[in-house]
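For reference, positions follow the sequence shown, starting with 1. Here the structure is a predicted model, which is why all the values come from computation and not from measurement.
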Amino acid sequence: MRQGYNGRAMRESTHSRPLVKIAPSILTADFGRITEQVQEAAAAGVEYLHLDVMDGHFVPVITFGPALVAAVRKAVDITLDIHLMIERPEEQIAAFREAGGDIINIHYEATHHLHRCVGEIRRLGAKAGVSLNPATPASAVDEVLGDIDQVMVMAVNPGWGGQSFIEASLGKVEQLRSEIDRRGLSVEIEVDGGVNLSTGPRCALAGADVLVAGSFVYNDKASVAENVKALRSALAVVKP
């Protein structure tokens with residue numbers, strides 16, 4: 001195990017924080033009872049709620065806009081992790097911040113003005129994140145790594161829930177972990193897509209700080225609380 005990752009784990013343990021944060025994605029939740037669904041996740045002790053915003057252009061699917069984010073904000077008092085899978089994200093940052101987004105992630109591939117967008121997110125008082133599609137290298141964020149709070153590694157192609165985990169994502173997480181630690185930065189690495197009891201611990205070992213879990217948390221096989229507990233238990237056995 002790399003020295004940098006050991007050091008990170010020790011720092012987190014010293015402050016009594018979970019080694020890895022869980023961020024359920026509401027993409028596969030029951031939207032007919034969305035208030036209840038997000039409150040179940042909050043009651044289960046998750047650190048973030050992940051809200052996937054899709055426009056039908058950057059990705060084929062259309063999901064929801066700021067109004068639903070605002071409704072979730074009223075329902076729970078935990079960090080809202082907004083994932084903008086949209087073209088021209090610079091035009092929508094303010095609306096999602098006003099709706100209650102605490103972390104706003106934009107895609108590297110979706111804007112020609114990444115540095116400007118990151119600066120605008122922070123100016124509005126939110127944490128800034130940059131998302132990387134599977135074919136985008138970790139080095140794409142080198143020039144803004146010192147200006148962001150989170151980098152999201154897409155472990156599936158964005159657009160649908162329930163996809164299989166892309167194994168090459170682990171190498172990208174390791175690269176980012178090494179560079180962040182080398183530069184002494186406080187940037188979280190988030191993995192989105194295909195997270196379950198098998199892939200979650202492997203992401204943690206590679207250096208991930210936050211795991212987005214959608215269909216693993218929201219399904220008809222077990223309750224939200226039971227699924228969160230199972231994932232937490234799987235992550236607890238990971239040794240730094």
Side-chain angles (χ1 to χ4, degrees), residues 21-29 31 34 37-38 41 46-73 76 78-111 114 117-118 120-122 124 126-134 136 140-141 144 148-163 165-166 169 172-173 176 187-195 203 208-218:
K21 298 173 182 176
I22 296 176
S25 168
I26 68 169
L27 191 60
T28 55
F31 276 49
I34 193 64
Q37 292 267 273
V38 298
V46 302
E47 288 76 24
Y48 298 166
L49 271 176
H50 190 82
L51 285 78
D52 291 302
V53 179
M54 308 184 197
D55 63 358
H57 296 282
F58 182 70
V59 293
V61 181
I62 298 174
T63 54
F64 50 80
L68 188 133
V69 175
V72 172
R73 175 76 288 160
V76 292
I78 61 174
T79 298
L80 298 188
D81 183 37
I82 311 300
H83 183 187
L84 297 183
M85 287 177 268
I86 63 176
E87 293 181 355
R88 300 187 299 278
E90 56 271 17
E91 297 178 7
Q92 302 297 330
I93 290 169
F96 283 97
R97 173 56 179 160
E98 184 178 353
D102 298 299
I103 307 171
I104 298 179
N105 299 276
I106 59 173
H107 268 264
Y108 168 85
E109 306 85 3
T111 179
L114 186 63
C117 287
V118 165
E120 178 64 5
I121 292 169
R122 283 189 150 183
L124 292 170
K127 290 186 176 181
V130 174
S131 306
L132 302 176
N133 276 346
T136 302
V141 294
V144 296
I148 61 178
D149 303 282
Q150 180 171 277
V151 56
M152 184 191 305
V153 173
M154 293 301 301
V156 298
N157 286 294
W160 293 273
Q163 297 183 65
F165 185 84
I166 297 174
S169 305
K172 190 181 296 185
V173 173
L176 288 165
V187 179
E188 290 186 330
I189 300 173
E190 183 172 50
V191 177
D192 184 359
V195 169
C203 291
D209 301 288
V210 184
L211 298 180
V212 176
S215 57
F216 179 80
V217 171
Y218 288 109

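Under the ring pair (Phe, Tyr, Trp, His ring centres under 6.0 Å) criterion, H83 pairs with H50, H107, not counting sequence neighbours. Residues satisfying the side-chain hydrogen bond (donor to acceptor under 3.5 Å, both in side chains) test with S169, not counting sequence neighbours, are none. For E90, there are no salt bridge (charged side-chain N to carboxylate O under 4.0 Å, His left out) partners at least two apart in sequence or on another chain. For Q150, the side-chain hydrogen bond (donor to acceptor under 3.5 Å, both in side chains) test picks out D81, N105, E190, with sequence neighbours left out. Listed by chain and residue number, R122 satisfy the side-chain hydrogen bond (donor to acceptor under 3.5 Å, both in side chains) test with D149 (two or more places apart in sequence, or in another chain). Residues meeting the side-chain contact (heavy atoms from CB on, under 4.5 Å) test with A99, sequence neighbours left out: P66, V69, A70. Shown here are the side-chain contact (heavy atoms from CB on, under 4.5 Å) partners of L68, two or more places apart in sequence or in another chain: I26, F31, L51, F64, V72. Qualifying side-chain hydrogen bond (donor to acceptor under 3.5 Å, both in side chains) partners for T136, counting only residues two or more places apart in sequence or in other chains: E109.
Between the NZ atom in K172 and the CD1 atom in I166 there is a gap of 8.5 Å [rounded to 0.5 Å]. The line from CD1 of I106 to OG of S131 is 8.5 Å long, rounded to the nearest 0.5 Å. To the nearest 0.5 Å, atom CD1 of residue I104 and atom CD of residue Q92 are 11.0 Å apart.
A donor-acceptor contact shorter than 3.5 Å links the side chain of D55 to the backbone of E87. Checking side-chain atoms of T111 against main-chain N and O of R88 turns up no donor-acceptor pair under 3.5 Å. A donor-acceptor contact shorter than 3.5 Å is absent between the side chain of K21 and the backbone of V212. Between the side chain of Y218 and the backbone N or O of Q37 there is at least one donor-acceptor pair closer than 3.5 Å.
Across all non-hydrogen atoms, the minimal contact from I86 to A110 is O-CB, 3.3 Å. Shown here for L80 and G100, the closest heavy-atom pair between the two residues is CD1-O, 3.7 Å. A pairwise comparison of heavy atoms in C203 and V191 identifies SG-CG1, 3.8 Å as the closest pair. Of all heavy-atom pairs spanning Y48 and E188, the tightest one is OH-OE1, 2.8 Å. Here the closest heavy-atom approach between residue G194 and residue V156 is recorded as N-CG1, 3.9 Å. Across all non-hydrogen atoms, the minimal contact from F165 to G193 is CD1-O, 3.4 Å.
Between I103 and I82, the closest side-chain pair of non-hydrogen atoms is not below 4.5 Å. By the 4.5 Å heavy-atom criterion applied to side chains, P134 and P158 are counted as neighbours. The side-chain heavy atoms of V195 and F216, taken from C-beta on, include no pair separated by under 4.5 Å. Between I22 and L211 there is no side-chain heavy-atom pair separated by less than 4.5 Å. Side-chain contact between V210 and I189: absent, with no pair of heavy atoms (C-beta onward) separated by less than 4.5 Å.
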Show your working on side chain to side chain contact (heavy atoms under 4.5 Å, CB included) between M54 and L27 and close with a plain yes or no.
CA-CA 10 Å; M54 308 184 197; L27 191 60; 3.7 Å; yes
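Judged as a salt bridge (Lys or Arg N to Asp or Glu O under 4.0 Å), the pairs with a partner in residues 93-107 (not counting sequence neighbours) are, in order, R73-D102.
For the residue pair S25/D52, the side-chain donor-acceptor check at 3.5 Å is satisfied.
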